[in-house]
J.: 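Below: one structure in structure tokens.
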Amino acid sequence: MPELPEVETIKRSLNKAIVGQTINDIEVRDYKLFRGKRHDVLGAKIEEIERRAKMLIWKLSNGKYLLFHLKMTGQMLYDSEDHKLIAGGGHPDSVYLKKPPHEFTHIIFTLDKGHLYFNDLRKFGWIKILDENGLKDEVAKLGPEVDWPEFTFKYFVTAMNRKAKTKVKTVLMEQSLIAGIGNIYSDEILFKAKILPTRLVRELSQSELRVIFDNIKPVLELAIKHGGTSLKDYRQLDGSQGDYLHFANVYHRNDQPCKVCKTTIERAVVNGRSAHFCPNCQK
DNA sequence: TTCAATGTTTAGAC
DNA sequence: GGTCTAAACATTGA
């Protein structure tokens, strides 16, 4: 799914749009994506929306939590009573922009002032109903968020060195070490740090690790500022696309000229994922 | 027809 | 135990 900036974008919109509303109904069209009992959350009020790694957490008034993972193609769209939702505009034939509910809408929440649609073309995403202990278990294996005080350079070096024989791109995406970085932003961070994604961690000098560390937060923050990256499926809460792809230096830009030096951007497969890099700027 | 797509998990090999 | 790869989940579109 969406990585940290995309989920953070949705989280911020949800906090403005649906906090304070009551869950009056949940229509589950596909139980594959819904883990829990509806009646545990019906009638509860949504008190707060949080993000942990790439997951969304709805904190409810009855002590329960709804945990969401959008995986690769999940969408969360809100259609308020005044119909500000713009999904469907411009590209009526695309399954990604159809006005919900449609055949890829699997869960529908009826709130006080509108409907919240959980769409997922590939059906990898899920929703779980959890109590406080269940939530704790779910997040226990995750590394720190990059904006937590414990995400220090010292922690970063220790965490990276635990995977010394692994390629640096793969380690950056390891959720148990650092929460929230995925395929897009690992490429972008490594471009900014001028490090090839295929380098092994143990070959990296202290100063190279420092440059990577120093670029993590700025890259993610810039992406949040632009509402995340829309490749195909990802949408903001109102259905609009994230704009960061226009600012990406390497992601999805293979065979195009590097924005810095004009060298052709290359693509390689690293641990089963596409890695994009500039063979001149990155060493 | 084949391949790739924002993610995670799991099985098997070394 | 670590780490790699491939495959699985399901679907579309180039």
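By convention in this document, chain letters (A, B, ...) are assigned in the order of the sequence lines, proteins followed by strands, and residues within each chain are numbered from 1. It should be emphasised that the depicted structure is a prediction, and the values quoted were computed from it without experimental measurement.
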J.: Answer yes or no: is there a side-chain heavy-atom contact under 4.5 Å between A:Q282 and A:R199?
T.: no
J.: Provide, to the nearest angstrom, the distance between the OH atom belonging to A:Y234 and the P atom belonging to C:dT12.
T.: 23 Å
J.: To the nearest Å, how far apart are A:N161 CG and C:dG2 P?
T.: 15 Å
J.: Can you check whether A:H69 has a side-chain N or O nearer than 4.0 Å to OP1 or OP2 of B:dG7?
T.: no
J.: Return the nearest nucleotide to the side chain of A:L121; candidates are B:dT6, C:dT3, C:dT12.
T.: C:dT12
J.: Considering only atom C1', compute the distance from B:dC3 to C:dA6 and round it to an integer number of Å.
T.: 15 Å
J.: Looking at C:dC9, B:dA5, C:dT12, which one has an atom nearest to any side-chain atom of A:K32?
T.: C:dC9
J.: Starting at NZ of A:K141 and ending at C1' of B:dT8, how long is that distance when rounded to a whole Å?
T.: 12 Å
J.: In whole Å, I'd like the distance from the CD atom of A:Q236 to the P atom of B:dT6.
T.: 19 Å
J.: With the threshold set at 4.0 Å, does a side-chain nitrogen-carboxylate oxygen contact exist between A:E188 and A:K192?
T.: no
J.: Could you state the CZ-P distance from A:R35 to B:dT8, rounded to the nearest angstrom?
T.: 14 Å
J.: If I take atom CE in residue A:M173 and atom C1' in nucleotide C:dT3, what distance separates them, rounded to the nearest angstrom?
T.: 15 Å
J.: My understanding is that a pair needs two contacts under 3.5 Å, Watson-Crick or G-U wobble. By that rule, which nucleotide pairs with C:dA10?
T.: none
J.: Base, sugar-phosphate, or nothing: which does A:S274 touch, judged by heavy atoms less than 4.0 Å apart?
T.: sugar-phosphate
J.: Would you classify A:D120 as touching base, sugar-phosphate or nothing, given that sugar-phosphate means primed atoms plus P, OP1 and OP2, and contacts are heavy atoms under 4.0 Å?
T.: nothing
J.: Can you tell me which nucleotide in B:dG7, C:dT11, B:dA5 comes closest to the side chain of A:N183?
T.: B:dG7
J.: Side chain of A:N271, heavy atoms from C-beta onward: which of C:dT5, B:dA5, C:dT11 has the nearest atom to it?
T.: C:dT5
J.: Where the side chain of A:M72 is defined as all heavy atoms beyond and including C-beta, which of C:dT11, C:dT3, B:dA5 is the nearest nucleotide?
T.: B:dA5
J.: Looking at A:E27 and A:R29, is any side-chain nitrogen of the basic one under 4.0 Å from a carboxylate oxygen of the acidic one?
T.: yes
J.: Side chain of A:Q175, heavy atoms from C-beta onward: which of B:dG7, C:dT12, B:dT8 has the nearest atom to it?
T.: B:dT8
J.: State plainly whether the residues A:R38 and A:D25 are in salt-bridge range, i.e. N to O under 4.0 Å.
T.: yes
J.: How far, in whole Å, is C:dT5 from B:dA5 if one measures between their P atoms?
T.: 16 Å
J.: Whether A:E145 and A:R52 form a salt bridge (side-chain N of Lys/Arg under 4.0 Å from carboxylate O of Asp/Glu) is what I want to check.
T.: yes
J.: Would you say C:dT5 has OP1 or OP2 under 4.0 Å from some side-chain N or O of A:R273?
T.: no
J.: Which residue is it: A:Y244, A:F191, A:Y251? I am looking for the one with a ring pair (Phe, Tyr, Trp, His ring centres under 6.0 Å) to A:Y185.
T.: A:Y244
J.: Find the distance A:L33:CG to C:dT11:P and express it as a whole number of Å.
T.: 10 Å
J.: When you compare B:dT2 with C:dA8, how far apart are their P atoms, in angstrom units rounded to a whole number?
T.: 16 Å
J.: If you check every side-chain atom of A:F104, which of B:dT6, C:dT11, C:dA10 has the closest atom?
T.: C:dT11
J.: Please determine, for the side chain of A:T73, which listed nucleotide (B:dT6, C:dT11, B:dG7) has the closest atom?
T.: B:dT6
J.: I want to know whether A:Y155 and A:W148 have ring centres closer than 6.0 Å.
T.: no
J.: For B:dG7, does either OP1 or OP2 sit under 4.0 Å from a side-chain N or O belonging to A:K54?
T.: yes
J.: Measure CG/A:D187 against P/B:dA5 and give the value in whole Å, please.
T.: 10 Å
J.: In terms of side-chain heavy atoms of A:R267, which of C:dT3, B:dA4, C:dT11 is nearest?
T.: B:dA4
J.: Under a 3.5 Å cut-off for both distances, is B:dT6 Watson-Crick or wobble paired, and to whom?
T.: none
J.: Using the rule for Phe, Tyr, His and the six-membered ring of Trp, do A:F124 and B:dG7 stack at under 5.5 Å and under 30°?
T.: yes
